[in-house]
Amino acid sequence: MTPSGGPIRILGIETSCDETAIGIVENGRTLLSNVVASSLSQHSPYGGVIPEIAARAHVETIWDVLTQSLEQAHLTPTEIDAVAVTQGPGLPGALVIGLAFAKGLALTLDRPLIPVDHLAAHLYAGHMTDPELEPPYVGLVVSGGHTLLCVAHADCRFEVLGETKDDAVGEAFDKVAKLLGLGYPGGPAIDRLSEQGQAVKNAFPRTQTKGTFDFSFSGLKTAVYQYVEKRTQDSGHKTQVSAPDSVDLQSPVSGLQSRVSGLGSQQIADIAATFQETAVDFLVMKTLRACQRTGITRVVVGGGVASNRRLRARFAEEAGTHKLRVVFPPPALCVDNGAMVAGIAFPLLQRGRVASLSVKSDPNLCLV
Ligand code: KG4
Ligand code: ZN
C-alpha cells in the first residue's frame, strides 16, 4: 500500500532480447496493461536474433511502448509508484537500453528503481495466473536462452537444481525448425506442424544426464540432423541439409524455403512431431523427478516454450496421475513481457530490494 493506503502500481520494463515490452501491474497481481512490440520480423530473414538490430529497435520503439502502456492502464506517469526493469540475463546491448530508460524514468518521477531477474519474472507469471499459488514450488524455465529446474522458496529465493549443459530448449526448437525449413521463430512453427505429424517412439536418442536435473538438447538436435540427412540420401536426392550450427546468421535465408530436399511434407511433419515429443518428454520426466525428490507437488512452467501445446498437454496428463498442481501462465505472460517484471517487483519492493541509479545490467544473471 502507498502511504495514503492506495494500491501500489509498478511499471515493468523488459528489453532482454527482441521484445520491447512495458506492463503495469497493481499489487503484484492485477494487470493494468501489457504492451509488447517485437522486432521479430526484422530478425526472421537471418533465422535468429541479431543483437544490434534488437538494440536499435528498443531505442526506436520504447517511448511509444511506454505511451501505449500508460494509455491502456488509463494512468498518468505520476500515478506510477515504482519502476522495475529486467537487469539480466539477456543480450548486453539490449539490456542497457531498458535499464537506462528505467533509470531516467525513476529519476524524473522520483520513484524507486527495482532491478529484476528475467528468469524469476517468467516464474512469477505463475502467481499472476494462480493467485492461490504459494512457494515452495518446482519451477521449470523454458525459453530461447535458458532451460532450468529450480525450487522457488518464499522470500523470492531460488535454489537451482539443474540446467541445460548446451542449447536451451527454445534454441533447439529454433534450430530444428531452421533445418526443416520452417522459418524463425521455430517453436510455434514446430508446435503447429507437429499436430499433422506422427511422433515415432525412440527415433532420436536423448543425451543421458542421468542422476542429475540437468538437460542437454544439442545431441537431440544433431540426431535430427543426421536422421534428415540419411532420409534425404535414402530418397535418392542429393543432400542439401545444413547442420543447424553451420547456418550463417548474418546471411539472410530466403523466406521459408526448405533446407531439405527429397522429403515430403508428411515426413517433415513426422520429424517435427518426433523431435517435439522427445524434447517435451525430457522436460516432463526431469520435472517429475524433481517433484519426487523434493516432495513438492506444485509446479510452475514459465518462458516462451511454456506456450507449447504438447508440453501443456503432457503436464496436464501427468498432473492427474501424480496429483500435482501445474501452473502454466497464459501465452501472453509466457513470451517476454513487461507485466511479469512489474509483477515480481511488488514482493521485491516489499522486501526493500530497490537499487541506486548506479546499478548495472548483468547479462549472466541467473536467479539470484
Ligand atoms: O521466453 P522467450 O520469449 O524469450 C527468451 O527469454 O528467450 O522464449 C522464446 C523462445 C523461442 O525459442 C521460441 O521458439 C520459443 O520460445 N517458443 C516456443 C513456442 N512459442 C515460443 N517453443 C515451442 N512451442 C511454442 N509454441
Ligand atoms: Zn524470456
Side-chain angles (χ1 to χ4, degrees), residues 12-21 23 34 36-40 43-44 47-49 51 54 85-91 94-95 98 116-126 139-148 163-164 167-180 182-195 197 217 220-221 244 249 272-273 275-284 300-315 328-341 343-344 363-367:
I13 301 173
E14 156 61 38
T15 64
S16 66
C17 192
D18 57 338
E19 271 88 25
T20 314
N34 195 18
V36 180
S38 176
S39 56
L40 188 72
H43 304 286
S44 316
V49 174
V85 62
T86 299
Q87 184 182 18
L91 301 172
L95 287 169
V116 162
D117 182 310
H118 180 84
L119 306 181
H122 269 309
L123 292 177
Y124 189 83
L140 174 67
V141 179
V142 280
S143 74
H146 295 86
T147 304
L148 64 79
E163 56 194 317
T164 183
D167 291 351
V169 63
E171 192 181 349
F173 267 87
D174 293 338
K175 286 177 176 170
V176 167
K178 189 170 200 167
L179 170 70
L180 297 178
L182 302 175
Y184 177 83
I190 289 189
D191 188 344
R192 278 192 303 272
L193 189 63
S194 295
E195 281 194 330
F217 292 98
L220 171 58
K221 179 193 67 187
L249 285 184
F275 159 76
Q276 176 175 271
E277 198 60 31
T278 313
V280 162
D281 190 62
F282 200 0
L283 296 170
V284 171
V300 175
V301 187
V305 183
S307 292
N308 184 273
R309 288 171 298 173
R310 184 61 190 141
L311 184 67
R312 287 173 177 251
R314 270 296 307 277
F315 264 117
F328 273 91
L333 292 179
C334 288
V335 295
D336 288 349
N337 67 89
M340 66 182 189
V341 175
I344 194 172
N364 300 315
L365 200 65
C366 185
L367 291 181

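Ligands are counted one by one from 1 in listed order, and the atoms in each one are counted from 1 as well.
For an aromatic pair to be called close, the ring centres must be under 6.0 Å apart, and F173 with F217 fails this.
Residue contacts with ligand 1 do not include C17, since none of its heavy atoms lies under 4.0 Å from the ligand. Assignment of H122 to the shell around ligand 1 is supported, since a heavy atom sits closer than 4.0 Å.
A donor-acceptor contact shorter than 3.5 Å links the side chain of T15 to the backbone of A94. No donor-acceptor pair closer than 3.5 Å links the side chain of N34 to the backbone N or O of G23. Between the S39 side chain and the D18 main chain, a donor and an acceptor come within less than 3.5 Å of each other. In this structure, R310 contributes its side chain and D191 its backbone to no donor-acceptor pair below 3.5 Å. T164 places no side-chain N or O within 3.5 Å of a backbone atom of T147 that could act as its donor or acceptor partner.
Contact of the P188 side chain with the N308 side chain is not registered, since no non-hydrogen atoms from C-beta on lie closer than 4.5 Å.
Looking at D336 and the Zn ion (ligand 2) together, the shortest N, O or S contact belongs to OD1.
Near G144, meaning under 4.0 Å from one of its heavy atoms, ligand 1 places the atoms 5 (C), 7 (O), 8 (O), 9 (C), 10 (C), 12 (O). Counting atoms of ligand 1 from 1 in the listed order, those under 4.0 Å from a heavy atom of G170 are 12 (O). Each of the following atoms of ligand 1 lies closer than 4.0 Å to a heavy atom of G145: 7 (O). Of all atoms in ligand 1, numbered sequentially from 1 with element shown, those under 4.0 Å from a heavy atom of H118 are 6 (O). Interface of D174 with ligand 1, defined as ligand atoms under 4.0 Å from a residue heavy atom, comprises 11 (C), 12 (O), 13 (C), 14 (O).
Contact record, A54 with H43: N-CE1, 3.5 Å, taken as the closest heavy-atom pair. The two atoms that bring S143 and A168 nearest to each other are O-CB, 3.6 Å, heavy atoms only.
Nearest protein heavy-atom neighbour of atom 26 (N) of ligand 1: D191 OD2, 2.8 Å. Scanning the protein heavy atoms around atom 15 (C) of ligand 1, the nearest turns out to be V305 CG2, 3.8 Å. Scanning all protein heavy atoms for the shortest distance to atom 24 (N) of ligand 1 gives N308 ND2, 3.0 Å.
For a distance bound of 2.8 Å, the N, O or S atoms of H146 include none lying that close to the Zn ion (ligand 2). Taking backbone and side chain together, H122 holds an N, O or S atom under 2.8 Å from the Zn ion (ligand 2).
The option with the heavy atom closest to atom 21 (C) of ligand 1, from among G304, G187, C334, is G304.
Side chains of E163 and H146: no donor on one and acceptor on the other come within 3.5 Å.
Polar contact with ligand 1: absent for E19 (N/O pair, distance under 3.5 Å).
At a 4.0 Å heavy-atom cut-off, ligand 1 touches D336 through backbone and side chain alike.
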